[in-house]
Protein chains: 2
Amino acid sequence: MRISDVARHAGVSPSTVSYVLSGKRSISPATRRRVLDSIDVLGYQPHAGARALASNRSNVIALVVPLRPGIHVPVAMQFAVSVVTSARDREHDVLLLTQAEGEGGLRRVAGTSMVDGIIVMDVEVDDARIPTLRSLSHPSVLIGVPAETEGLTCVDLDFEAAGRACAAHLAALGHREIALIGQPPSVYERRTGFAERTVAGFRAEAHERGIGSAVVPCDAAPTAVAAAVTGLLGERPGVTGLVVHNEPAVAPLLDAVRGLGREVPADISVVAIAPDDVATETSPPLTSVSLPAEEVGGRAVSLLMDKLDDLGPPEVTLLPPRLVPRASAAARPALP
Amino acid sequence: MRISDVARHAGVSPSTVSYVLSGKRSISPATRRRVLDSIDVLGYQPHAGARALASNRSNVIALVVPLRPGIHVPVAMQFAVSVVTSARDREHDVLLLTQAEGEGGLRRVAGTSMVDGIIVMDVEVDDARIPTLRSLSHPSVLIGVPAETEGLTCVDLDFEAAGRACAAHLAALGHREIALIGQPPSVYERRTGFAERTVAGFRAEAHERGIGSAVVPCDAAPTAVAAAVTGLLGERPGVTGLVVHNEPAVAPLLDAVRGLGREVPADISVVAIAPDDVATETSPPLTSVSLPAEEVGGRAVSLLMDKLDDLGPPEVTLLPPRLVPRASAAARPALP
DNA sequence: GTGAAAGCGCTAACAA
DNA sequence: TTGTTAGCGCTTTCAC
């Protein structure tokens with residue numbers, strides 16, 4: 001079943017069928033109808049390889065998913081799914097690349113014209129893949145913001161503003177000493193952009209408001225969380241506000257605080273940076289800045305499509321954070 | 001940069017370059033060297049679309065990942081990653097399809113020759129996609145086993161044997177009444193194969209050994225787990241052995257048991273069906289049947305490759321479960 | 001062991 | 001508004 005079969009069936013030329021399908025030139029309504037009917041009757045589906053060869057477009061984009069220590073898989077998958085969904089909305093499929101494939105993988109899928117463009121998740125401040133991406137003739141979009149963005153296209157939640165918003169919220173509630181329970185140490189060690197920017201915003205806001213702040217990197221294991229919380233509240237008994245930027249640590253953190261005989265939010269206020277579903281499933285529901293995975297993924301795809309259409313999108317797109325007050329943050333308790 | 005450029009540079013014909021690359025006919029060592037050198041020097045990468053068009057092989061397989069309620073994402077991703085890794089080992093890439101694309105997606109990627117074959121995860125007992133898969137001329141492999149496997153190729157852990165192994169292990173330790181804390185209700189409602197088979201094996205083994213058994217579907221939320229455990233041990237005080245087949249419920253379950261004043265394994269023995277990493281991270285480490293995601297994913301890929309090579313692989317491949325005793329299951333306590 | 005050449009099925013430039 | 005046709009870059013038959 002080829003395009004010429006459809007053409008014969010509809011009594012037109014192959015190019016007309018092609019143009020009906022691509023919409024790249026105007027077709028009389030009557031012809032268009034006949035062609036579409038023939039396609040339908042014959043069940044025609046164009047050959048992807050032939051298309052890619054002739055048009056120099058594969059209609060596939062590559063997505064590099066992060067699978068390294070410290071990455072919270074469900075959140076990563078939310079991004080991936082929203083990329084796939086948005087790509088499908090725009091007639092593109094998604095080729096899955098793992099981190100492990102490294103830069104060779106990027107060169108391979110671009111060099112063989114398997115894909116039209118590349119989306120890279122979990123970008124580090126000084127990401128080793130960036131020189132490779134720059135060297136490719138294929139467009140790419142980064143989810144995450146590296147140190148040097150010249151000539152790149154990046155999109156992410158504005159984590160600095162998110163860190164600020166959390167600190168500001170606690171400050172406004174009267175807290176005078178606050179702490180950030182962060183990502184696992186490995187995430188900071190490899191200098192992942194989002195983690196670093198959150199810390200920076202949190203510290204800056206606290207500093208500007210003249211309140212005390214501390215940052216505690218934290219592994220996800222419940223015992224590690226308990227140790228971190230216990231250590232923190234032991235060393236800094238004045239801390240009454242906690243920001244948690246570590247999805248799997250959220251529940252253990254609440255447990256640990258209670259295990260110390262403190263109530264949330266009566267004794268300790270907690271603000272999370274996490275997807276809405278994890279913030280609303282706890283008890284009490286958490287005041288949180290949501291992680292808009294769907295929006296970020298969708299935006300990454302539109303930015304990539306813009307580049308494919310030779311529009312010059314902005315280098316950095318930061319989505320503003322939205323802090324939703326729920327039940328886990330309240331005014332600082334009166335001093336004992 | 002095309003194959004003819006390489007041919008010219010190496011002083012051979014394009015077909016020779018092609019044959020060097022494919023290994024489909026013998027080439028003199030000297031020629032082969034020259035060609036490979038030229039490829040290297042010129043940095044030649046064959047055009048994937050042209051290849052697919054001429055050879056009728058895209059060297060891409062589609063993977064349908066499950067993203068529905070009750071699915072534990074990290075486990076699903078372990079499968080996906082092992083599929084990608086194994087596929088890459090065999091010169092194939094992976095196109096990511098979401099459940100949401102449904103059967104139309106399967107028809108699309110097959111009909112347009114985007115992919116050479118399809119792997120479908122999380123197959124239900126009476127899966128709606130099976131008729132579509134059967135109708136395609138492309139080979140496919142199912143991860144999971146439906147009711148009717150005629151003409152299909154399926155691979156999975158032998159969950160029935162896993163359920164049996166857990167029951168047998170507890171029985172051998174002297175437990176006379178045991179219970180299975182299972183997947184969320186929705187998973188059973190849509191009749192997911194692996195969940196159903198585990199229950200069947202668990203029940204059958206307990207019955208054959210003449211011991212009491214109960215099955216409690218269970219949502220992952222800690223409160224739901226606590227309710228399930230409390231309800232169960234309340235209604236059936238004789239239960240001294242628990243099998244848990246629900247990854248995110250593992251930690252909350254241990255908490256809940258302890259919350260009831262029972263020790264693991266002194267009062268209550270626990271056996272998990274879970275990936276090794278979740279079984280070893282708890283305290284105490286869990287006696288468990290491991291979920292060999294890597295092996296299943298890898299096997300799915302080899303089965304698909306076998307079908308592409310026209311070997312006729314078996315319809316059903318069940319990997320034998322391996323129960324590893326750790327510290328969470330012990331002899332039944334003496335009666336009070 | 002190697003080469004020549006005919007497609008694979010589509011798109012898009014050119015022509016009408 | 002539509003048709004004709006020359007490729008796109010590779011694989012593979014056929015021929016030597």
Side-chain angles (χ1 to χ4, degrees), chain A residues 1-36 38-39 42-60 91 108-116 137-138 308, chain B residues 1-36 38-39 42-60 91 93 108-116 137 308:
Chain A
M1 176 58 48
R2 305 167 326 212
I3 199 170
S4 57
D5 298 322
V6 177
R8 193 169 321 114
H9 186 272
V12 298
S13 74
S15 61
T16 297
V17 177
S18 175
Y19 284 119
V20 166
L21 252 15
S22 70
K24 287 189 183 172
R25 80 180 181 192
S26 58
I27 302 281
S28 74
T31 304
R32 154 192 247 49
R33 253 282 48 88
R34 281 215 313 290
V35 169
L36 290 176
S38 296
I39 287 176
L42 301 177
Y44 168 70
Q45 302 191 267
H47 187 288
R51 233 174 200 195
L53 179 56
S55 69
N56 217 17
R57 279 292 179 91
S58 66
N59 273 34
V60 175
E91 313 271 61
R108 183 172 55 79
V109 295
T112 60
S113 295
M114 290 197 89
V115 304
D116 298 332
S137 51
H138 284 62
L308 286 171
Chain B
M1 175 59 46
R2 303 167 326 209
I3 200 169
S4 58
D5 298 321
V6 177
R8 193 170 319 114
H9 187 271
V12 298
S13 74
S15 60
T16 297
V17 177
S18 175
Y19 284 118
V20 165
L21 251 17
S22 70
K24 287 190 182 170
R25 81 180 181 192
S26 57
I27 303 280
S28 75
T31 305
R32 152 190 247 61
R33 253 285 46 89
R34 282 214 315 290
V35 169
L36 291 176
S38 297
I39 287 176
L42 301 178
Y44 167 71
Q45 302 192 267
H47 187 288
R51 231 173 200 195
L53 179 55
S55 69
N56 216 19
R57 279 293 179 89
S58 65
N59 273 33
V60 175
E91 314 272 59
D93 275 279
R108 183 173 55 79
V109 295
T112 60
S113 294
M114 291 197 89
V115 304
D116 298 332
S137 52
L308 286 171

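Values in this document were obtained by computation on a predicted structure and should not be read as measured data. Letters A, B, ... mirror the listed sequences (proteins, then strands); counts begin at 1.
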J.: Looking only at non-hydrogen atoms, find the nearest pair between S58(B) and V115(B) and report the distance.
T.: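 Closest pair (atom of S58(B), atom of V115(B), distance): OG-CA, 3.3 Å.
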J.: Shortest non-hydrogen contact from R34(A) to G11(A)?
T.: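 Shortest heavy-atom contact: NH2-O, 4.0 Å.
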J.: Show the nearest heavy-atom pair for residues Y19(B) and R25(B), with the distance to one decimal.
T.: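 Heavy-atom minimum between the residues: CD1-NE, 3.3 Å.
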J.: Heavy atoms only: give me the nearest G49(B)-A52(A) pair and the separation to one decimal.
T.: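 Looking at all heavy atoms of both residues, the closest pair is CA-CB, 4.3 Å.
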J.: Which dot-bracket string describes DNA chain C (Watson-Crick N1-N3 plus N6-O4 or O6-N4, or G-U N1-O2 and O6-N3, all under 3.5 Å; [ ] crossing; | other strand)?
T.: ||||||||||||||||
J.: S38(B) and H9(B): which non-hydrogen atoms are nearest, and at how many Å?
T.: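 Result for this residue pair: OG-ND1, 2.7 Å.
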J.: Less than 4.5 Å apart, side chain to side chain, heavy atoms only: is that true for V17(A) and V12(A)?
T.: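 A side-chain contact exists here, since the closest heavy-atom pair is under 4.5 Å.
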J.: Say whether, by atom type as modelled, one donor and one acceptor occur between the side chain of D93(B) and the main chain of N59(B) under 3.5 angstrom.
T.: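 Side chain of D93(B) to backbone of N59(B), a donor-acceptor pair under 3.5 Å: no, none is there.
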J.: Is a side-chain donor or acceptor of T31(B) paired with a backbone partner of I27(B) at a separation under 3.5 angstrom?
T.: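 Side chain of T31(B) to backbone of I27(B): no pair is present.
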J.: Nearest heavy-atom pair of M114(A) and T112(A): which atoms, and what distance?
T.: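 The pair with the smallest heavy-atom distance is CG-OG1, 2.9 Å.
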J.: Does R57(B) reach the side chain of L308(B), with side-chain heavy atoms less than 4.5 Å apart?
T.: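 Touching, per the 4.5 Å side-chain cut-off.
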J.: Return a single string for nucleotides 9-16 of chain C, one symbol per nucleotide in 5' to 3' order, where B is base contact, S is sugar-phosphate-only contact and - is none, cutoff 4.0 angstrom on heavy atoms.
T.: BBSBBB--
J.: Just the endpoints, please: which first and last nucleotides of DNA chain D, 5' to 3', lie under 4.0 Å from a heavy atom of chain A?
T.: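 Listed 5' to 3', the contact boundaries are dT1(D) to dG9(D).
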